[in-house]
Number of protein chains: 2
Amino acid sequence: MRRILIADDHAIVRRGLKEIILEAFPSAEITEVADAEDLINKVVKEVWDIVLSDLSMPGRSGLEALQQIKIHAPKLPVLILSVYPEDQYAIRVLKAGASGYLNKDMAPEELVNAIHKVLSGRKYITPSIAEKLATNIDLNTQGPAHARLSDREFEVLKLLAAGKSISDIASSLFLSSTTVSTYRARILAKMNLKTNADLTQYSLENNLI
Amino acid sequence: MRRILIADDHAIVRRGLKEIILEAFPSAEITEVADAEDLINKVVKEVWDIVLSDLSMPGRSGLEALQQIKIHAPKLPVLILSVYPEDQYAIRVLKAGASGYLNKDMAPEELVNAIHKVLSGRKYITPSIAEKLATNIDLNTQGPAHARLSDREFEVLKLLAAGKSISDIASSLFLSSTTVSTYRARILAKMNLKTNADLTQYSLENNLI
DNA sequence: GATTGGCGTAGTATTACTACTACACCTGCC
DNA sequence: GGCAGGTGTAGTAGTAATACTACGCCAATC
């Protein structure tokens with residue numbers, strides 16, 4: 001009989017997860033908690049076969065809870081659920097010791113598949129996450145992403161993040177706009193970001209602007 | 001016997017909603033749809049006692065669906081569910097004709113209470129929403145800059161701030177790119193901002209993204 | 001009823017930007 | 001010394017976006 005712990009601040013989601021899991025594991029004993037504190041407490045005090053935890057919860061995050069769980073119950077498999085796309089959090093979560101990262105809009109069958117896989121001692125890795133893991137080795141440098149930029153690239157990052165247009169930056173640096181556009185492309189590639197909005201958000205979060 | 005229509009792109013959420021509702025209304029007949037198109041089709045073709053719809057769904061939004069529902073079935077009560085806090089959408093949604101706005105982290109008992117209230121012909125208004133309605137007239141000139149935007153403008157703001165390109169937004173909203181570009185210009189003018197980076201920063205600071 | 005303003009929508013001409021490609025120079029490594 | 005990779009720079013062809021302009025519809029106001 002499996003003991004399954006579900007952590008999510010949304011009662012609706014907990015209920016949906018519970019029902020989906022009970023269909024696949026009718027004899028499972030399912031417990032629900034609504035925040036990371038309760039999640040950690042339950043893991044410390046009792047033995048579980050698997051934890052399914054939301055990534056974003058009020059107070060301490062699911063990622064923090066994951067780190068604590070790995071301290072107290074290193075062998076306990078943890079599946080992290082999130083509304084965020086994989087490219088934002090999957091690697092970070094897997095590095096922290098999760099057995100899998102699931103997006104909340106996934107089909108119930110896939111969720112059940114993931115639980116089966118993890119309960120059998122394996123990790124649940126989607127092909128797109130596998131690809132990111134393969135490329136992440138090269139990005140596995142210490143320090144913030146912007147530390148990987150050349151001086152010129154860093155200069156251009158800050159101007160782009162502040163909202164300067166390519167042509168404005170080209171004028172002020174006495175370059176052609178295609179040069180600045182190339183810098184932008186290199187910056188995005190090195191920092192594994194996609195859009196100017198990503199650059200702005202990153203720069204705000206890292207106090208670059 | 002109540003016929004209840006649930007619209008949410010997340011199967012987990014639909015399942016949770018279904019179970020919670022079936023506990024309070026054991027004889028209810030519940031139908032699930034995963035997007036706004038199906039929601040509108042179902043409302044046009046069949047008779048329902050109440051609709052519970054997620055605000056954010058792929059393709060057309062729940063707000064758009066609400067507007068269509070009000071055209072085809074003006075008397076049909078619609079409860080809108082969202083992860084977004086009230087201050088972003090509640091007034092907008094209620095003005096569009098919803099019978100209530102519920103945050104997804106609400107307790108199941110409150111959800112059931114809201115359904116009871118709405119099925120009896122009333123609106124479900126939380127005290128904090130009532131306060132916002134009472135002050136909304138005066139807040140037309142005060143309030144956050146984004147409150148000055150129309151529904152469509154607000155929708156485009158969030159997409160731009162998140163880094164979507166004009167052409168991506170145009171595709172997903174089935175508009176021409178010049179239309180979206182015009183919205184962007186109007187948004188910037190109404191909010192007295194100049195660049196997309198300004199939109200991103202504003203949206204981060206105001207928890208819009 | 002007439003007028004005004006807001007909103008949703010979009011075309012034209014023009015400009016900005018990008019993917020792709022490339023070159024020269026410098027540094028570090030073998 | 002030769003090679004590889006990083007950096008600074010930028011052109012071409014094509015696409016994306018914008019300033020300017022405009023229209024229809026609706027609601028509010030006089």
Side-chain angles (χ1 to χ4, degrees), chain A residues 135 137-139 141 143 145-200, chain B residues 60-61 63-68 70-71 74 91-92 95-97 136-137 139-141 143 145-200:
Chain A
T135 58
I137 297 169
D138 293 340
L139 298 178
T141 55
H146 65 270
R148 300 200 281 270
L149 304 178
S150 70
D151 292 346
R152 182 64 98 183
E153 284 162 350
F154 184 62
E155 186 176 18
V156 170
L157 162 66
K158 292 197 288 185
L159 294 170
L160 287 171
K164 296 280 188 197
S165 70
I166 297 274
S167 44
D168 282 346
I169 298 170
S171 290
S172 63
L173 298 184
F174 303 101
L175 302 174
S176 94
S177 65
T178 65
T179 302
V180 177
S181 191
T182 302
Y183 282 127
R184 176 178 171 273
R186 288 181 185 169
I187 290 162
L188 291 173
K190 284 190 180 183
M191 297 175 71
N192 202 27
L193 300 173
K194 290 200 177 82
T195 67
N196 285 1
D198 292 336
L199 297 181
T200 297
Chain B
R60 305 169 77 173
S61 69
L63 185 55
E64 262 182 281
L66 173 62
Q67 289 160 348
Q68 289 298 310
K70 286 298 152 185
I71 292 172
I91 304 294
R92 209 180 287 269
K95 279 183 178 174
N136 194 44
I137 297 173
L139 281 177
N140 275 347
T141 56
H146 65 268
R148 298 200 281 271
L149 304 179
S150 70
D151 291 347
R152 184 63 100 183
E153 284 163 353
F154 186 62
E155 186 175 19
V156 170
L157 163 66
K158 295 175 54 153
L159 295 169
L160 286 172
K164 295 279 189 204
S165 70
I166 296 277
S167 43
D168 281 347
I169 297 169
S171 291
S172 62
L173 298 184
F174 303 102
L175 302 174
S176 94
S177 63
T178 64
T179 301
V180 177
S181 189
T182 301
Y183 282 128
R184 175 178 173 275
R186 287 183 186 167
I187 291 163
L188 291 173
K190 283 190 179 180
M191 297 176 70
N192 202 26
L193 300 174
K194 291 204 177 78
T195 68
N196 285 2
D198 292 336
L199 296 181
T200 298

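Every chain is numbered from 1, with letters handed out A, B, ... down the list of sequences. All values derive from a computational prediction rather than experimental measurement.
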**Report entry** side-chain hydrogen bond (donor to acceptor under 3.5 Å, both in side chains) partners for Ser167(A), two or more places apart
**Finding:** Ser165(A)
Report summary line: Reading nucleotides 15-22 of chain D from 5' to 3' and marking B where a protein heavy atom lies under 4.0 Å of the base, S where only the sugar-phosphate is that close, and - otherwise, the string is -SSB---B
Requested in this report: May I have the distance from Tyr183(A) (atom OH) to dA10(D) (atom C1'), rounded to whole angstrom?
Outcome: 10 Å
Query raised in the report: Got Val156(B) and Leu173(B) here, is their nearest side-chain heavy-atom distance under 4.5 Å?
Result: yes
Report task. Please step through side-chain contact (heavy atoms from CB on, under 4.5 Å) for the pair Leu199(A) and Asn196(A), ending with a clear verdict. Result -> CA-CA 5 Å; Leu199(A) 297 181; Asn196(A) 285 1; 4.0 Å; yes
Query raised in the report: Hey, does Met191(B) have a side-chain heavy atom less than 4.5 Å from the side chain of Leu149(B)?
Result: yes
**Report entry** Sugar-phosphate only, base, or nothing, as touched by Ser150(A) at under 4.0 Å among non-hydrogen atoms
**Finding:** sugar-phosphate
Report task. To the nearest Å, give me how far apart CG (Leu173(A)) and C1' (dT7(D)) are. Result -> 15 Å
Query raised in the report: Which residue pairs pass the salt bridge (charged side-chain N to carboxylate O under 4.0 Å, His left out) test when at least one of the two sits in residues 169-191 of chain B, sequence neighbours left out?
Result: Glu153(B)-Lys190(B)
Requested in this report: State, to the nearest 10°, the angle formed by the axis through the first five base pairs of the helix from dG1(C)-dC30(D) to dC30(C)-dG1(D) and the axis through its last five.
Outcome: 30°
Query raised in the report: Where the side chain of Thr200(A) meets the backbone of Ala161(A), is there a donor-acceptor pair that is under 3.5 Å apart?
Result: yes
Query raised in the report: For Ser176(A), what residues pass the side-chain hydrogen bond (donor to acceptor under 3.5 Å, both in side chains) criterion, not counting sequence neighbours?
Result: Thr178(A), Thr179(A)
Report task. Tell me, please, which residues at least two apart from Thr195(A) pass side chain to side chain contact (heavy atoms under 4.5 Å, CB included). Result -> Ala197(A), Asp198(A)
Query - Asp151(B) CG to dC26(D) C1', straight-line distance once rounded to whole Å - result: 15 Å
Query raised in the report: Counting only N and O atoms by type, is there a donor-acceptor contact under 3.5 Å from the side chain of Lys164(A) to the main-chain atoms of Asp168(A)?
Result: no
Report summary line: Quick note, ring pair (Phe, Tyr, Trp, His ring centres under 6.0 Å) partners involving residues 161-195 of chain B, not counting sequence neighbours, are none
**Report entry** Boundaries of the chain A footprint along DNA chain C (any atom under 4.0 Å from a heavy atom)
**Finding:** dA16(C) to dA22(C)
